[in-house]
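Note that the coordinates shown come from a computational prediction; the quantities given were computed from them, not determined experimentally. Any value given below was found using the heavy atoms of this structure, including those in side chains, with hydrogens, waters and symmetry copies removed. Start at 1 and go down the list; that is how both ligands and their atoms are numbered.
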Amino acid sequence: MSQPRLIAPSILSADFTQLGREVQDVVSQGADWIHVDIMDGQFVPNITMGPMVVEWLHRMQTAPLDCHLMIVSPEVYIPAFIEAGAASISFHAEATPHIHRTLQLIRQGRVKAGLALNPSTPLDVLEYVLDDLDFVLIMTVNPGFGGQTFIPATVAKVRKLREWLDRTGHADVLIEVDGGINPDTGALMSEAGANIFVAGSAVFGAPDRGAKIRDIRSMVLEHQTMFPS
Ligand code: DX5
Ligand code: ZN
């Protein structure tokens, strides 16, 4: 069975003085989703943006907005992100004791629900919510900043997760990887079974963004493993 391979540039590395144009630019050059990093200065040591920015981007009708919440008590703000037009929302397992309830809250809003895991967080936390997930976001750097170096230990984590999902009848749950993704690390992760490739600095920092998106896509497709094998 063939699973999708999607490229999601992260606007964290975009020029915020012209955010709308930046989003249009990468979408016209092949981006599948737009990844929006929401940081609160508590869960991570950085502050970015909130639902208002998502709402403005949604009005532009460019590509699905993939909202990655790096905030404490995500359940408090999720209704506002649903209202703003998010297509998918992920929150961190480390940020709330109410993972099951929060996944339900997202799905009740007819939005794709994802659980994000820091590099050191074990996969076990997913065990009893596999039926409640549309995707899992595996952090491949520590959350908080763009432009960090990919953590190699996360390749084995993604492979283990893909095998587990397929073995337990959850092959339709997608795996998103986020942090330090470029054509080479994208290839490694595609081979391990990842489906959604977030790339911030690699895309927005490239002199030719379209060429970079195509490069990531061709490496990811060339190295993809068909699961279940
Ligand atoms: C980090 C964010 C990432 C970040 C990725 O906390 O979740 O989405 O923008 O940036 P790069 O691709 O530059 O590592
Ligand atoms: Zn992110």
Problem set entry | Near-ring test H92/F43, centroid separation under 6.0 angstrom | yes
For this session: Could you tell me whether K112 and D66 make a salt bridge, using a distance below 4.0 angstrom between a side-chain N and a carboxylate O?
Result: no
Problem set entry | Shortest protein heavy-atom distance from atom 14 (O) of ligand 1, along with the residue and atom involved | G180 N, 2.8 Å
Exercise. Hey, does G147 come in under 3.5 Å of ligand 1, counting only N/O atoms on both sides?
Worked result: yes
Exercise. Does any donor atom in the side chain of T17 or D15 lie under 3.5 Å from an acceptor atom in the other side chain?
Worked result: yes
Problem set entry | Shortest protein heavy-atom distance from atom 12 (O) of ligand 1, along with the residue and atom involved | G200 N, 2.8 Å
For this session: Could you tell me the angle subtended at the Zn ion (ligand 2) by OD2 of D178 and ND1 of H68, rounded to 10°?
Result: 90°
Problem set entry | Proximal ligand 1 atoms for P143, defined as those under 4.0 Å from one of its heavy atoms | 6 (O)
For this session: Could you tell me whether R162 and D166 have a side-chain N and a carboxylate O separated by less than 4.0 Å?
Result: yes
For this session: Show the numbers, then the answer: is there a salt bridge (charged side-chain N to carboxylate O under 4.0 Å, His left out) between R159 and E163?
Result: CA-CA 6 Å; R159 187 172 295 121; E163 284 167 3; 5.3 Å; no
Seminar exercise, completed: Here the atoms of ligand 1 under 4.0 Å from any heavy atom belonging to H68 are 7 (O)
Exercise. At a 4.0 Å threshold, what atoms of ligand 1 neighbour a non-hydrogen atom of H35?
Worked result: 8 (O)
Seminar exercise, completed: Vertex the Zn ion (ligand 2), ends H35/NE2 and D37/OD1: angle to nearest 10° comes to 90°
Exercise. Using 4.0 Å as the upper bound for N to carboxylate O, is an ion pair formed by D32 and R217?
Worked result: yes
Exercise. How close does the nearest protein non-hydrogen atom get to atom 6 (O) of ligand 1, and which residue and atom is it?
Worked result: G144 N, 2.7 Å
Problem set entry | For atom 10 (O) of ligand 1, closest protein heavy-atom neighbour | G146 CA, 3.6 Å
Exercise. Taking only heavy atoms of G179, which atoms of ligand 1 are found under 4.0 Å from at least one of them?
Worked result: 14 (O)
Exercise. Hey, is R209 close enough to E22 for a salt bridge, meaning N to O under 4.0 Å?
Worked result: yes
Exercise. Between I11 and V198, is there a shared hydrophobic cluster once you connect ILVMFWY residues whose side-chain heavy atoms come closer than 4.5 Å?
Worked result: no
Exercise. For ligand 1, is there an N or O atom under 3.5 Å from any N or O atom of A199?
Worked result: no
Exercise. With backbone taken as N, CA, C and O and side chain as the heavy atoms from C-beta onward, which portion of S10 lies under 4.0 Å from ligand 1: side chain, backbone, both, or neither?
Worked result: side chain
Exercise. Which ligand 1 atoms are under 4.0 Å away from a heavy-atom of V198?
Worked result: 8 (O)
Problem set entry | N or O pair under 3.5 Å between D37 and ligand 1 | yes
For this session: Just need the protein heavy atom nearest to atom 1 (C) of ligand 1, so name the residue and atom and give the distance.
Result: F145 O, 3.5 Å
Exercise. Which is closest to atom 7 (O) of ligand 1 by heavy-atom distance: L12, V177, D178, T149?
Worked result: D178
For this session: Verify the distance criterion only: is there a donor paired with an acceptor across the side chains of H98 and T96 at less than 3.5 Å?
Result: no
For this session: Verify whether one side chain among S10 and D37 offers a donor that lies under 3.5 Å from an acceptor in the other.
Result: yes
Seminar exercise, completed: ligand 1 atoms nearer than 4.0 angstrom to some heavy atom of M39 are 6 (O)
Exercise. Does W56 CH2 have over 12 foreign heavy atoms under 6.0 Å away?
Worked result: no
Exercise. Can you find a side-chain donor-acceptor pair between T121 and N118 that sits under 3.5 Å?
Worked result: no
Exercise. With a cut-off of 4.0 Å, which atoms of ligand 1 are near a heavy atom of M70?
Worked result: 6 (O), 7 (O)
Problem set entry | Which residue and heavy atom of the protein sit nearest atom 13 (O) of ligand 1, plus the separation | S201 OG, 2.5 Å
